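Keep in mind that this is a model prediction, so the values were computed, not measured.
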Amino acid sequence: MSAFRPSHRLALSPVALAATLATLSAAPAWAQTTPATSAQLETVTVTGIRASLESALNAKRQDKGIVDVIKAEDMGKFPDTNLAESLQRVPGVVIDRDAGEGRNISVRGLGGDFTRTRINGVEALATTGGTDSSGGANRTRAFDFNVFAADLFSSLTVRKSSSADVDEGSLGATVDLQTARPFDMKNFVAAVSVKGTYNDIRGKTTPKASFLISNTFADKKIGVLLSGAYSKRQVYEEGFSTVRWDNGASSGGWCSPAGTTPLNPTTPATTCGTSGTTVPATAVPTRPANTADSVAAYNLASSATNFHPRLPRYGRLTHDQDRLGLTGSIQVRPADSMLLTFDMLYSKLEATRQEDFLEAISFSRTLAQGGKPQTSVVEAQYAASGQMIYGKFNGVDIRSESRFDKLSTEFTQPTLTVEQEIGESLKLTAKLGRATSRFRNPIQTTTTLDAPNVNGYVYDARGDDRAPLLGYGNLNPSDPNGGLKIYGVPVGATGITNFTPSEIRIRPNGATNRQDVATAEVAWDFIPDALTLRAGVSYKQFKFISYESRRTVETMNTLPAGVDASMLVTTLSGFGKGQNLPAGSTTSWLIPNLNAIANAYDIYCNCLKTGQAGGSGDFTLTSITNGNARGNNRAITETDTGSWLQADFETRLGGMPVRGNLGTRYVKTALSATGYLATGGGSPVTATRQYTDWLPSFNVGVNLTKDLIVRAAAAKVMSRPPLPNLNPGGTLSTVGTLSYTGGNPALDPYRANTFDLSGEWYHSKNGFIGLGLFQKNIKSFVVTNGRNVAYKDTGLPLSLLPANFTGDEIFTVSAPVNTEGGKLQGFEINVQQPFTFLPGWGKNFGVLANYTQVKSKMKYPSSATATTTTYITEDLINLSPRSWNLSFYYDDGTLSGRISTSARAAFLTTVLLTNNQLEQGKNKTLNVDLSMGYQLNKQLQLTFEATNLTNQPNDQFISRAMNNVVVNNYTGREFIIGGRYKF
């Protein structure tokens with residue numbers, strides 16, 4: 001293959017009824033009319049859109065299972081910033097974005113925790129950090145595809161059906177990523193690509209470059225390949241967010257008008273708080289007069305069925321990112337019967353992110369924090385659904401919050417593959433690899449400016465609930481000498497009430513994942529060209545380590561001597577470009593100057609600067625002893641040993657070619673999980689667990705005609721529990737009420753039986769239509785629930801109990817548990833159609849389209865803590881009921897282009913929330929990308945690409961009934977101009 005950027009994929013997997021297929025398209029689409037051998041596929045030269053699609057289609061056609069394939073065309077020809085962007089074009093695959101860039105994938109409704117990823121045949125887990133609204137730092141089993149540039153890979157394969165020779169661990173799919181190798185090339189090959197990327201909101205142009213060089217020596221007995229990709233990305237993510245919603249009675253309720261019964265707060269009668277102990281010494285909010293309008297507004301806002309945003313805020317997130325990737329491959333053929341391949345993959349993603357918010361914090365805080373009971377309602381309007389659409393308030397605390405993160409992910413994976421033919425009928429294949437992902441967030445610092453008790457604050461969503469007008473009353477947020485400033489706690493002060501001081505939060509954290517893999521397989525050509533018997537063994541050890549530290553108390557002291565408040569601030573300006581904010585919106589405000597604050601307070605000293613230990617002048621970081629940081633200090637080791645047998649067959653049935661495989665896989669999982677209990681300021685606890693699985697599988701494909709293939713597949717599959725749920729840390733009480741709150745290392749894996757039926761019609765040269773049906777009967781699911789259980793069944797060691805306990809004692813436990821699952825079922829349609837039947841230049845056009853529909857309902861407990869509870873039925877998390885892709889392309893060998901559209905329906909991300917609401921999710925998305933290339937001569941191609949042409953926002957909601965906005969952020973369009981030169 002002459003280049004390495006995945007540019008388009010073929011599509012689909014399951015496909016069902018031949019008659020239905022025949023009606024879906026009447027025009028030719030694409031595929032070889034005769035099957036190619038696997039050896040032929042390895043030497044396909046991929047040089048353009050058409051060639052890459054044909055190569056991918058051939059690979060799909062020849063596979064014994066149900067797969068979809070993306071083959072690289074020439075480097076840099078498709079506007080995909082990373083692997084997730086490429087994978088989203090596979091039927092049934094949808095992506096979740098962070099900062100406008102694809103991060104995780106879901107396959108057929110099953111999220112990243114249920115999908116395994118292999119790189120060059122070795123299972124890997126790459127993780128990085130993200131915004132809180134996109135999941136934060138990844139400490140799960142989901143693969144972060146944004147760690148890698150798409151340019152590094154020659155092919156991507158999504159395996160939707162299971163076979164015994166493919167490692168266990170997936171309910172959704174196995175994604176195989178393959179880097180380029182020298183023996184795939186024709187002798188010497190070299191190419192380089194240089195581009196510039198412009199973001200229309202940030203207004204900056206950043207570089208992007210990639211290269212590949214490969215050659216073979218000694219009569220193709222030695223081959224060496226090196227490739228690399230570098231990109232810099234600088235974007236603003238701007239918009240409105242709320243950090244969830246809550247009802248009128250929450251956080252102690254609003255300050256009631258004078259003379260109402262009952263009075264809230266209960267004293268004093270004239271003010272909304274306790275006069276004399278409020279810090280700082282500003283005016284205490286006055287109760288509204290007892291008028292008909294004020295009482296009506298208060299009663300309306302206080303209703304338990306009416307909801308308001310908890311922290312309504314404007315926000316700008318500044319993302320600066322550098323991504324470097326390198327691959328190397330050495331192949332040696334010391335004899336005709338032996339091939340040695342050493343692959344190396346390295347990637348480093350370095351980033352900084354600054355999050356600046358201007359927010360009202362009163363609506364989510366209690367009286368002791370100077371919050372909601374000090375806030376009075378002047379005017380209020382609500383939609384019939386209960387969503388607040390307008391409100392005017394007095395006594396609102398306004399905060400300017402700034403968080404700065406320094407993030408890095410370093411990924412390395414060496415892999416050695418040995419292929420040895422033994423005689424004419426045996427072949428031994430051995431593989432050894434280690435995939436290591438090291439995520440570090442050494443700086444995560446949040447600083448704040450505050451303005452207590454602002455009057456005349458306005459929230460107005462009557463024009464657009466995704467971009468409301470926020471008015472700040474008697475506060476000018478951009479005045480450096482105004483109300484926004486640092487309000488610190490006097491050194492050594494205790495018992496401060498009715499006030500939330502300014503804060504300095506310091507929370508360094510990180511996580512490391514390491515996967516060691518060793519496999520060996522023997523294939524015996526028992527009946528040449530008819531039956532191959534294969535057997536193998538595998539060893540995998542996965543290690544996960546996570547850490548976090550924090551300050552004990554995160555409030556600030558008053559200003560150091562000689563420091564003026566104006567010295568510690570700077571100004572954010574130009575907010576709101578491309579958002580169509582309502583007239584009068586705030587577009588600039590003061591933000592903390594982190595460097596100035598760090599120098600003035602010496603915040604990174606990790607020491608006690610002033611006052612008492614654990615006070616506002618203490619910048620010592622603690623981890624295991626800190627209850628707020630303890631939960632992210634944990635480790636897991638999983639050792640998986642397995643073996644498998646499989647028969648690959650090719651025969652004829654009634655004159656029709658039949659091929660497939662039948663096998664079973666045995667795997668033993670040994671788990672050791674370490675966490676920390678709250679007792680004793682952080683007591684280490686390690687729990688162990690073992691379980692085994694037999695995983696039979698069957699795949700068969702029948703050529704009803706030369707070009708019509710019907711496939712069927714069935715398998716028993718498993719996916720190991722989410723990493724956070726296995727943490728044995730938490731809170732254990734062995735006196736009074738016996739109880740435990742935390743994780744559950746005794747969890748069984750998710751288990752399911754899967755069934756696929758598909759049909760593929762290669763109805764003319766390069767023409768393809770597919771229809772697939774699939775069903776997964778999920779037998780074991782994981783939810784958090786309260787229950788009464790004997791201690792010995794919790795998975796925790798008996799050594800934690802007092803000496804007189806036996807383990808039979810009944811504890812009230814709130815932790816993840818295995819429950820019955822449910823069915824997931826759906827269908828996929830896939831069409832690949834070149835317009836070769838058109839006259840003239842019309843024959844150079846083509847279309848690719850796919851559509852997926854999935855349905856799955858799961859039972860969730862109505863309470864995470866109650867030991868007797870009812871269940872509610874909701875969609876599976878991360879499942880979009882509908883998704884589709886549509887691409888039009890043109891390729892005449894000189895001019896090529898493609899416009900691609902990807903869409904997914906709304907989906908849930910969380911069920912059973914706090915704050916009196918049930919579910920949270922993301923609304924539907926529609927993304928449009930464009931790619932064009934002009935071949936100036938044989939060596940040089942000029943390219944133009946555009947991504948996110950619709951400027952699609954990240955629109956997150958809470959409550960399906962109200963569709964309350966949680967996040968509505970924009971990242972802008974990106975335009976990429978450059979060229980690629982082939983030597």
Side-chain angles (χ1 to χ4, degrees), residues 7-37 40-41 44-63 66-71 73 78 89-92 155 157-158 656-657 701-711 757-773 827-852 884-893 896-901:
S7 154
H8 212 293
R9 93 271 46 194
L10 231 219
L12 169 76
S13 48
V15 227
L17 302 167
T20 304
L21 295 174
T23 64
L24 290 174
S25 173
W30 196 321
Q32 289 184 331
T33 55
T34 58
T37 66
Q40 288 173 326
L41 288 176
V44 170
T45 300
V46 183
T47 58
I49 294 175
R50 291 179 178 274
S52 67
L53 294 175
E54 183 171 3
S55 177
L57 195 57
N58 288 334
K60 175 183 177 66
R61 185 171 185 171
Q62 297 308 309
D63 203 283
I66 297 174
V67 304
D68 291 306
V69 182
I70 306 171
K71 290 284 187 175
E73 50 177 283
F78 199 68
R89 307 183 197 286
V90 171
S155 69
T157 301
V158 180
M656 297 180 293
V702 181
N703 279 70
L704 300 181
T705 68
K706 182 178 65 175
D707 298 318
L708 181 62
I709 302 174
V710 172
R711 301 183 193 266
L757 178 65
S758 70
E760 301 164 4
W761 184 26
Y762 303 83
H763 56 80
S764 59
K765 180 174 175 58
N766 300 338
F768 170 79
I769 302 172
L771 170 65
L773 309 175
F827 67 89
E828 299 169 341
I829 300 172
N830 184 33
V831 176
Q832 184 168 307
Q833 179 66 64
F835 297 155
T836 51
F837 53 88
L838 294 178
W841 52 268
K843 65 184 179 183
N844 300 317
F845 285 97
V847 65
L848 302 113
N850 61 71
Y851 174 83
T852 302
W884 56 268
N885 292 279
L886 179 64
S887 295
F888 288 97
Y889 67 87
Y890 178 90
D891 187 359
D892 64 10
S896 62
R898 171 185 347 230
I899 185 166
S900 300
T901 300

- [ ] Can you spot which of Phe837, Tyr890, Phe888 makes a ring pair (Phe, Tyr, Trp, His ring centres under 6.0 Å) with Phe845?
- [x]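 Only one of Phe837, Tyr890, Phe888 forms a ring pair (Phe, Tyr, Trp, His ring centres under 6.0 Å) with Phe845, namely Tyr890.
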Using 0.5 Å steps for rounding, measure from the [atom1] atom of [X] to the [atom2] atom of [Y].
X      : Y      : atom1 : atom2 : result
Ile709 : Glu760 : CD1   : CD    : 5.5 Å
Glu828 : Ile66  : CD    : CD1   : 9.0 Å
Ile829 : Thr852 : CD1   : OG1   : 9.0 Å
Asn885 : Asn850 : CG    : CG    : 4.5 Å
Lys71  : Ser52  : NZ    : OG    : 10.5 Å
Phe827 : Leu757 : CZ    : CG    : 14.0 Å

With a 4.5 Å heavy-atom cut-off, do [X] and [Y] have their side chains touching?
X      : Y      : value
Leu848 : Leu53  : yes
Ile70  : Val90  : yes
Trp884 : Thr901 : yes
Met656 : Asn703 : no
Asn830 : Phe768 : yes

- [ ] Write down the atom of Leu886, the atom of Ala849, and the distance for their closest heavy-atom approach.
- [x] CD1-CB, 3.7 Å
Task: Taking every non-hydrogen atom, the tightest pair across Lys843 and Leu838 - done: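 Closest approach of Lys843 to Leu838, heavy atoms only: CB-O, 3.4 Å.
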TODO: List the steps, then state whether side-chain contact (heavy atoms from CB on, under 4.5 Å) holds for Arg61 with Asp707.
DONE: CA-CA 10 Å; Arg61 185 171 185 171; Asp707 298 318; 3.2 Å; yes
Open item on the list: Under a 3.5 Å threshold, yes or no: a donor from one side chain and an acceptor from the other, between Asn844 and Asp891?
Closed with: no
